[in-house]
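Treat the numbers as computed from the prediction; the structure is a model and nothing was measured.
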Amino acid sequence: MSQVRVRFAPSPTGFFHIGSARTALFNWLYARHTGGTFVLRIEDTDHARNSEEFLNVIYDSLTWLGMTWDEGPKVGGAYGPYRQSERDHVYKEYLQKLNDAGRTYEKDGAIWFKLLGERYEVFDDHRQKTVTKVKAAPTVIEDQIRGHVERVEDEDFVIVRSDGTPVFHFVNVVDDIAMKITHVIRGEDHLSNTSKHVELFKAFGAPVPSFAHIPLILKQNGPGKMSKRDQGALVEEYQRRGFLSEALVNFLCLLGWSPKDDSEKMPIKEIIERFDLPGVNQTNARFDEKKLAHMNMVYVLEQPADRFVALAQAYFDRQKVFAEGTAPTPEYFREVLLLSQPKIKSIEELPAYTSYFFREDFAYDEKARAKALGKGEPKVRLQELQALLATADFSSDAALEEAMKGLATSKGLGFGEYQSVARLAVSGTNVGPGITGIFRVLGRAKTLARIERLLATL
RNA sequence: GUCCCCAUCGUCUAGCCCGGUUAGGACACCACCCUUUCACGGUGAGAACCGGGGUUCGAAUCCCCGUGGGGACGCCA
């Protein structure tokens, strides 16, 4: 059995698109599933704006998503170089093969690939000009996802531009041959190009790789496929916003592929085991950020404490949440985060969710204030709490809870009577972690000071 | 316009290949429960086989035609 070799071949445009990420992912999954090789090849043939910086966007995103490549830039391999801008000698050599076989000709200074068959002229009313066509037999594509596809490739096409640079169709096929690629897994937008590619493979006398054209990702609002300009289309955006890469990967896997039972959240190991080309759908999938958000929440909730804190720390640093010299101690920061973790859905809501832990001059939310102070005897409740907390045991949530419940019971009131005013006093809001947890993390001094601050306004 | 691909709840999908299901799950939405606020969680509801022909005792499932959606028609990749 021959070893599977797949490749992901992005062009460094400065963006790493969610659709590209999924194409990369399906290639990577297939390589890992089959024990094959995942090759990264940079298609930077015709780009004036082809800088290291743009390449780093690709490397960073792939790395962040956990897709390590076995051959390619940085890691090398037996079939390098892996940047097309460095492979001119290979293209010259292959062009010579085509010349020798009599399958090229020059026209308008460019080199064209000559299809086999009788030529005739016809007026193309879409392009509004007369074109030369070829009476060619249909090209057959046996696609692993689409099945048997036939398409007539009936026009010669340019393979080397008049400025001497080779075009995509040519370099793509040449590199696939030279790099011994066995499976071409790419977006369905390339299906129509495939007949050109197959004809080139045949002209080279090279074995035609197995094709698998995966469905496209459609934009969530409006018509058409998702493009770089669309909201939420860039991988780096999710990275910046503190999404968990495992969540994004898991979500992307489910866009166009299904394990065929009801499994959704799966560790990558399991996805690798279960992923296969025949399981890929044929229908385009609409990107749904709500479902991604849900997947992300599921992953956020189950993060081990250390990783959760590290992710949050990185996010706070990137967002410069704390002004110079105002950062809390790591111990305090950690306590606040662990108190919040079970309550939130994403890393990015953490700064707002925890802001009152890091400042004494927080504002009272108007609605929360009206609600908490609007009924009963808030002032009396606060005074009772003040007295209780002056001597209460702050060492655990349970101890504080017991004390507060005791107070409530002794006054014949519900826990909520104290909870709502206390929450307003210590946080200025009516949402947040359990009140006793807030007390404990804040500590006695801050808690009492905050109650005093609210009391002073009544 | 030509060619290619596709078609199950609003969305992602299972079921289709090998016809017989109360057409299943998840997200979202709604209701209720849990509760110490807010989340989480639990329970429940509503929600789909694009249309028309055919084949068949029987069609989401097989075939054809429409329609709809997507893609490709560059000296871009």
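For A:F287 and B:U13, the CZ to P distance is 13 Å, given to the nearest whole Å. The CG atom of A:N284 sits 8 Å away from the P atom of B:G71 (whole-angstrom rounding). The distance between atom CZ of A:F168 and atom C1' of B:A72, rounded to the nearest whole Å, is 12 Å. A:R146 places its CZ atom 13 Å from the P atom of B:A72, with the value rounded to the nearest Å. Rounded to an integer number of Å, the gap from CG of A:D397 to C1' of B:U37 is 15 Å. Atom C1' of nucleotide B:A39 and atom CD1 of A:I347 are separated by 15 Å, given to the nearest angstrom. Following rounding to the nearest Å, A:R127 (CZ) and B:U2 (P) show an atom-to-atom distance of 14 Å. Rounded to whole Å, the distance from CD1 on A:I141 to P on B:C3 is 16 Å.
Within the 4.0 angstrom heavy-atom criterion, base atoms lie near A:I435. Here A:G224 lies in heavy-atom contact (under 4.0 Å) with sugar-phosphate atoms only. A:A110 comes within contact range of at least one nucleobase, with a heavy-atom separation under 4.0 Å. As judged by a 4.0 angstrom heavy-atom cut-off over every strand, A:D261 is placed among residues making no nucleic acid contact. No contact: A:K371 has no heavy atom under 4.0 Å from any strand. Within the 4.0 angstrom heavy-atom criterion, base atoms lie near A:E401. When heavy atoms are screened at a 4.0 angstrom cut-off, A:G256 is found touching the sugar-phosphate backbone but no base atom. Contacts of A:D189 with the nucleic acid, taken as non-hydrogen atoms under 4.0 Å apart, involve only primed sugar atoms and P, OP1 or OP2. Nucleic acid contact for A:H190: base, since at least one base atom lies under 4.0 Å from a heavy atom of the residue. Note on A:P10: nothing from the nucleic acid sits closer than 4.0 angstrom, heavy atoms only.
A 4.5 Å side-chain heavy-atom check between A:R274 and A:S263 finds at least one atom pair inside the cut-off.
Nearest nucleotide to the A:T436 side chain, out of B:U36, B:U13, B:U11: B:U36. Side-chain atoms of A:E264 lie closest to B:G25 of the nucleotides B:U13, B:C40, B:G25. In the set B:C4, B:A28, B:A7, B:A28 carries the atom at the smallest distance from any side-chain atom of A:H294. When distances are taken from the side chain of A:R286 to each of B:C12, B:G71, B:G70, the shortest belongs to B:C12. Nearest nucleotide to the A:H169 side chain, out of B:A77, B:U37, B:G71: B:A77. Closest to the side chain of A:L255, out of B:C75, B:C5, B:C12, is B:C12. The side chain of A:N281 lies closest to B:U13 when the candidates are B:U11, B:U13, B:U36. Distances were taken from every side-chain heavy atom of A:D262 (C-beta onward) to each of B:G24, B:A77, B:A7; the shortest belongs to B:G24. For A:T283, taking side-chain heavy atoms from C-beta onward, the closest of the listed nucleotides B:A77, B:C12, B:C6 is B:C6. Side-chain proximity of A:M297 to B:C40, B:C12, B:C38: nearest is B:C40.
Note: A:F275 and A:F26 meet the aromatic proximity criterion, with ring centroids under 6.0 Å apart. Annotation: A:F287 is in aromatic contact with A:F251 [ring centroid separation under 6.0 Å].
Remark: B:C73 base-pairs with B:G1; criterion is Watson-Crick or G-U wobble with both hydrogen-bond distances under 3.5 Å. Nucleotide B:G10 is matched to B:C27 when pairs are restricted to Watson-Crick or G-U wobble geometry with both distances under 3.5 angstrom. With both pairing distances under 3.5 Å, B:C62 is matched to B:G54 as a Watson-Crick or G-U wobble pair.
The shortest heavy-atom contact between A:Y82 and A:Y79 is OH-N, 3.0 Å.
In this structure, A:F439 and A:F394 have tilted ring planes: the angle between them lies in the 30° to 60° band. Taking the six-membered ring for Trp and thresholds of 30 and 60 degrees, A:F204 and A:Y94 have ring planes more than 60 degrees apart, a perpendicular arrangement.
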Steps toward side-chain hydrogen bond (donor to acceptor under 3.5 Å, both in side chains) verdict (A:E142, A:H148): CA-CA 5 Å; A:E142 296 297 345; A:H148 179 94; 2.7 Å; yes
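Straight-line distance between the P atoms of B:A60 and B:G51: roughly 10 Å, to the nearest whole Å. For the P atom pair drawn from B:G25 and B:C9, the interatomic distance equals 16 Å after rounding to whole Å. Distance noted for atom C1' between B:G20 and B:G66: 28 Å (whole Å). Distance check on atom C1': B:A77 versus B:A72 gives 13 Å, rounded to whole Å. Nucleotides B:C6 and B:G10 are separated by 23 Å at their P atoms, to the nearest Å. Nucleotides B:G68 and B:G24 have their P atoms positioned 31 Å apart, rounded to a whole Å. Nucleotides B:G58 and B:G19 have their C1' atoms positioned 8 Å apart, rounded to a whole Å. For the C1' atom pair drawn from B:A59 and B:G52, the interatomic distance equals 14 Å after rounding to whole Å.
For the residue pair A:Y238 / A:N296, no side-chain donor-acceptor distance below 3.5 Å is found, with atom types taken as modelled.
For the pair A:K196 and A:F157, the cation-pi test (distance below 6.0 Å, angle within 45°) is passed.
Each of A:V160 and A:R22 has a nearest nucleotide on RNA chain B; the 5'-most of these lies closest to A:R22. Along RNA chain B, the nucleotide nearest to A:F415 and the one nearest to A:N193 differ in position, and the one closer to the 5' end is contacted by A:F415.
Just one of A:K411, A:R423, A:E384 meets the side chain to side chain donor-acceptor pair (under 3.5 Å) condition when paired with A:Y418; it is A:E384.
The shortest distance between the side-chain N/O atoms of A:Q419 and the OP1/OP2 oxygens of B:U37 is not below 4.0 Å. The side chain of A:K225 contributes an N or O atom lying less than 4.0 Å from OP1 or OP2 of B:A72. Contact between the side-chain N/O atoms of A:K260 and the OP1/OP2 oxygens of B:U13 is not found at any separation under 4.0 Å.
Side chain A:S162 to base B:C75: a donor-acceptor pair is found below 3.5 Å. For B:A26, the base has a donor-acceptor partner in the side chain of A:K291 [N/O atoms by modelled type, under 3.5 angstrom]. For B:C40, the base has no donor-acceptor partner in the side chain of A:K343 [N/O atoms by modelled type, under 3.5 angstrom].
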